[in-house]
Amino acid sequence: MQLTDTEKAMRDGSGGEAVAAAMDLLIRYGEALGAERLVETDNVAGAFNASTPSVRKIAERGMDEVFSRLNLDSDRTVEIPRLAARTCQLITGIDDQNWALQGADPQMIEMQRASEAFVGQRGVNLMATCTPYQVGNVPTFGEHCAWMESSAVVYCNGALGGRTNVEGKESTGAAALTGRIPYWGYHLTRNRYGNRHIRVDVPVRSMLDWGLLGYFTGERVEENIPVLEGALAGVDLVTLKHFGAAAASSGGVEMYHIPGHTPEARSAEDAFGPNRAEEQHVYDAAARKQMYETLQSATDRKVDFIMLGCPHNSIEQVGRIAALLDGKRLHPDVALWVHTPRAIRTVAERSGYVARIEAAGGKVMSDTCPAISRRLPPGVRVIATDSAKQAHYLPAIAKVQGWFGSLDACIEAGLTGIWTGDF
Amino acid sequence: MQLTDTEKAMRDGSGGEAVAAAMDLLIRYGEALGAERLVETDNVAGAFNASTPSVRKIAERGMDEVFSRLNLDSDRTVEIPRLAARTCQLITGIDDQNWALQGADPQMIEMQRASEAFVGQRGVNLMATCTPYQVGNVPTFGEHCAWMESSAVVYCNGALGGRTNVEGKESTGAAALTGRIPYWGYHLTRNRYGNRHIRVDVPVRSMLDWGLLGYFTGERVEENIPVLEGALAGVDLVTLKHFGAAAASSGGVEMYHIPGHTPEARSAEDAFGPNRAEEQHVYDAAARKQMYETLQSATDRKVDFIMLGCPHNSIEQVGRIAALLDGKRLHPDVALWVHTPRAIRTVAERSGYVARIEAAGGKVMSDTCPAISRRLPPGVRVIATDSAKQAHYLPAIAKVQGWFGSLDACIEAGLTGIWTGDF
Amino acid sequence: MPTLSTPTLIRGRRVVGGRAEGEALVTTQTISGWGGINERDGSIIERRHELVGQSFAGKILVFPGAKGSSGWSAFFHMTRINGVAPAAMLFTRTTTKMALGAVVTRVPAMTDFDADIFESIRTGDHVVVDAEAGEIHVTRARAN
Amino acid sequence: MPTLSTPTLIRGRRVVGGRAEGEALVTTQTISGWGGINERDGSIIERRHELVGQSFAGKILVFPGAKGSSGWSAFFHMTRINGVAPAAMLFTRTTTKMALGAVVTRVPAMTDFDADIFESIRTGDHVVVDAEAGEIHVTRARAN
Ligand code: F3S
Ligand code: F3S
């Protein structure tokens, strides 16, 4: 892999030990990929804090060691300087405010906070969300990024026209220190064109609709790049956020095109570029129903826990939940958690939404989510969620039954304690 | 102007009085423009709260009247229902937390809060910033929006490929109630192509560079649509935010193209579409120096007040200021205010940036800005700012002298009390 | 061109309907709302504007159109509330700010003229605006 | 195709260098990190996976590649820390997750083979991986 003179100097120690270790990792990684060279990036999103029990032993030896071992794959502990690239923290393990409600150990929240102080001092913006684009990290068209989190990657590439691969803990650590990432995969225009076609024959407009379409899309195209056309409406940040997360969960979709609604797709022809659709898939009413059924992993209609906000909810979604719960009370046997970035919770408090949700018995949570933290209210056996991604992952992770449906169906279940669903 | 059956029904009262008044206004407005029809929008950003002395008398008679008179141009007070479209509050008049520091009257902050409770109840997301795209309202490609705030409009159109005109207080009120806005101007693809060319011969990379280029661009092209090519680097949300705000201030730029970096400009040819560049302008070192000089309106080098964050700063910008001030103390005669959306302040607090800025003697402010609130620390005679827009407007509004330059120059002036500038 | 005795007829498009007449106040410079006018007395306050210090209250305002912030309509709306709005607005550049501002100021307004209004009308001329008919009648002032 | 006595040679591209040998564990299904493996004992835990319950610790893992969350590399990194990493990784689909995971697991890894490794290698076969030379040698197990 070719290196510029600056990159060679970094490898050889011009930026200090941590930068040298980072460049060493990037070189090994780039060569593993078969990349020609590195590309400059000033937009890194990763997981830099210490927030899980498995990290505790390392954290006791200091935060330089946590970063060195887990974010750089370095056996030797190096001193971590101020980061070179603009870097933000994605989802974390513990809700900084509601950790007790989550059942987290006070020592763990202390560890998370100590690690945040360490990385914050070095320039990590502590957004603590899987949706950095909802908190001001909005890549511009063509901007080279190095992001973890599959739902964020697919949003960056598809909805925004930014350029990132699915990076990992170690590669984002290295990118943050050097401002470099392998020039491979989605950084190259020629790798971004569509190669699968999805014809949408049944109307898609609501959050539920877009989640089901996303889940179908991922199942059919796996890691390929779909171009979707047909009865599509209601495209905006919220529906694309859900669509992409679903497609990244059932398959490994990292890029997609919706002609007229995503920047690299003025038309289907534009989206395909020099490619042809190697496969065609049709999404019809039968497929939709089948996806809905696939996402159910429950039999028991009595529900204990409603999980809303995966990926993290926008302010508008929180507002909608507040309006649906206004003046009502959740069933005493049901816990309802609404997840949103901590920054957005501020807006939700000011707009009166948090008060309305809490008056109904619900909680507004931030920083993490049950699938990542593995923490749910005690004794939960049956969950319901409006997120296709959460429905895909949480039941296996938390060993619970799971229902999936619209927000309205989830709120109904929250009020009655019984799941009736959407069909 | 053609109306759909739904729109006629709204006009005739199917949605209640407020919706009828809103549709009446939209019809008069659409006909004034010569628009063929309305277009649906689910993304409105306006000014709905009561936060200035001029509104006080009306507010005393109730918030329905404030909305009816100022957001609907209705002489009759109508009861305002829950809004139909997703709506957010842009900049407001008073910093909800730091109102005393601003010298605001406690009665005024009570009025602002009461009005926020009223509109929050009806679905206005209280972001309270000129940069809704930094707080999760990120229009997708082609999304029809109805936004106020010229710096936000140009960001929506140019950087994101969303579609909005510069709306006003009354048209956003009407759009919020009906989910409609005239299909005119930037909603139409044919009106979005470039028609002016700017050749950039001097390197542009830093915030200062992009602000100067923006100011030049607006001066030369006024309300036309520039296509910029040349020695351009460092394109991201922060530089485009500054560029657009500057161009919207010196001229009335509402749309622009930077080939390879904005979604409607794969190339210059793509950006111009069927148009030709009707005028060519060259931005060279002499032009850059001239813009720098034009933005100075001060003679007295002793500085009282540093204004940072116009448009509102990103978390990364706040972090950079924290790093520059870390361990230092501002000159005792200088006040330094850093403006950022309240939601982003949350991230800044968590990342340790606010503590570092405050330890140096600075303040982190939200919700408003000195140009809008007309409030500065008492006795200020000479300001310095890193914002071309603030340098353009604040001196005349606050009757102060103004220096403009890089962030580094502003921090230097904050530490020494003396402006030395960048050249 | 208007002469001393015969009014000149200029046709244009109705933006806001109605009829008004009065003395013209003409500028070839766009006008700002925020920072451009004093909404309490209807005067231009922008330092570098050729009409700085003059009031458009009750005048037939002839200008290219709006400039500046998105609060333009709100500022002109305030001039109406304060009783110092122009009597009519004749402009040449249609923008959303200008159109909305004319609508909420609720005075007769027209654009898209069949002649150059900056040539045909001078400050002080007597102008009759009949927006419904899409016509303006300009009588040259003796001093002009 | 390997026979009982003669090892088959397959060439490919080095992803992570080094040499390893051992018993193959073969699947045509991609493997997840988060929710897919137990990083403490190196076993597959994904309910619907054909290898569910089996451990790849010390085995020559032959699979298409990585699936699932971006924490993939971190999970396999943990298997090394816990001493239960595979002995080598032979995969067919190059992705960032897979490449980074191989690098941080620090075991010989190869891809881009000149034969179909799912035809040529069966679970239980003895495999020698020489990533530096870009070669693997497969000896068919008697039972296969
Ligand atoms: S991290 Fe975010 S995308 Fe879903 S699984 Fe957790 S809310
Ligand atoms: S509203 Fe925002 S764009 Fe500047 S003038 Fe005030 S910070």
Side-chain angles (χ1 to χ4, degrees), chain A residues 42-43 82 86-89 96 116-117 119-121 123-128 131 133-143 159-161 234-240 258 260-266 314-316 318-320 323 326 341-348 350-353 356, chain B residues 42-43 82 86-89 96 116-117 119-121 123-128 131 133-143 159-161 234-240 258 260-266 314-316 318-320 323 326 341-348 350-353 356:
Chain A
D42 201 15
N43 191 331
R82 189 173 173 79
R86 293 172 195 195
T87 306
C88 65
Q89 169 69 37
D96 186 87
E116 289 188 357
V119 295
Q121 184 82 34
V124 174
N125 298 312
L126 292 164
M127 295 178 178
T131 61
Y133 46 87
Q134 292 196 122
V135 191
N137 183 352
V138 186
T140 49
F141 183 73
E143 183 176 346
L160 294 172
V235 174
D236 61 23
L237 179 151
V238 168
T239 46
L240 291 191
I258 302 174
H261 297 282
T262 55
E264 288 167 69
R266 310 277 177 77
S314 71
I315 182 62
E316 187 274 331
V318 179
R320 207 187 313 167
D326 196 15
R342 185 158 302 289
I344 302 301
R345 188 203 162 103
T346 306
V347 183
R350 186 174 189 157
S351 306
Y353 304 158
R356 254 165 262 147
Chain B
D42 199 16
N43 192 330
R82 189 172 172 77
R86 295 173 191 192
T87 305
C88 65
Q89 170 70 36
D96 186 87
E116 289 187 357
V119 295
Q121 184 83 31
V124 174
N125 298 313
L126 292 164
M127 296 178 176
T131 60
Y133 47 88
Q134 292 195 123
V135 190
N137 183 352
V138 186
T140 49
F141 183 74
E143 185 176 345
L160 295 171
V235 174
D236 62 21
L237 179 150
V238 168
T239 45
L240 291 191
I258 301 174
H261 297 283
T262 56
E264 289 168 69
R266 311 277 177 77
S314 71
I315 182 62
E316 186 277 330
V318 179
R320 207 187 312 169
D326 195 14
R342 184 157 301 289
I344 301 301
R345 189 206 161 98
T346 307
V347 182
R350 188 175 186 156
S351 306
Y353 304 157
R356 254 164 262 150

Heavy-atom pair count under 4.5 Å with chain B, highest-scoring of A:Arg82, A:His261, A:Glu264: A:His261
Between A:Asn137, A:Val238, A:Val124, which shows the greatest number of heavy-atom pairs under 4.5 Å with chain B? A:Val124
Under 4.5 Å, counting heavy-atom pairs only, tell me which of A:Asn125, A:Val347, A:Thr346 racks up the most with chain B. A:Asn125
Please flag which part of A:Asn43 lies under 4.5 Å from any non-hydrogen atom of chain B: side chain, backbone, both or neither. neither
Counting C-beta onward and ignoring hydrogens, is there a side-chain heavy-atom pair between A:Arg356 and B:Gln121 closer than 4.5 Å? yes
Using a 4.5 angstrom heavy-atom cutoff, name the option from A:Arg350, A:Arg320, A:Gln134 with the most pairs to chain B. A:Arg350
Rounded to the nearest 0.5 Å, what separates atom OG in A:Ser351 from atom CE in B:Met127? 8.5 Å
Atom OH of A:Tyr353 and atom CG of B:Leu126: how far apart are they, to the nearest 0.5 Å? 6.5 Å
Among B:Ala265, B:Pro263, B:Gly120, single out the residue with the greatest number of heavy-atom pairs under 4.5 Å to chain A. B:Pro263
Cut-off 4.5 Å, heavy atoms of chain B, and the answer for A:Glu143 is side chain
Measure distances from A:Gln89 to the heavy atoms of chain B and classify the residue's part below 4.5 Å as side chain, backbone, both or neither. neither
Which region of B:Leu240, side chain (C-beta onward) or backbone (N, CA, C, O), has a non-hydrogen atom less than 4.5 Å from a non-hydrogen atom of chain A, or is it both or neither? side chain
Checking A:Ala348 against chain B: side chain, backbone, both or neither under 4.5 Å from a heavy atom? neither
If you define the side chain from C-beta out and look only at heavy atoms, does anything of A:Thr140 sit under 4.5 Å from B:Leu160? no
Could you look at A:Ile315 and say if it's the side chain, the backbone, both or neither that has a heavy atom under 4.5 Å from chain B? both
A:Ser314 versus chain B, heavy atoms under 4.5 Å apart: side chain, backbone, both or neither? neither
Taking B:Ile344, B:Val135, B:Val119, B:Asp326 one by one, which has the highest count of heavy-atom pairs under 4.5 Å against chain A? B:Val135
If you count heavy-atom pairs under 4.5 Å with chain B, which of A:Arg345, A:Arg342, A:Arg266 comes out on top? A:Arg266
Comparing A:Cys88, A:Ala117, A:Gly142, A:Gly260 against chain B, the one with the most heavy-atom pairs below 4.5 Å turns out to be A:Gly260
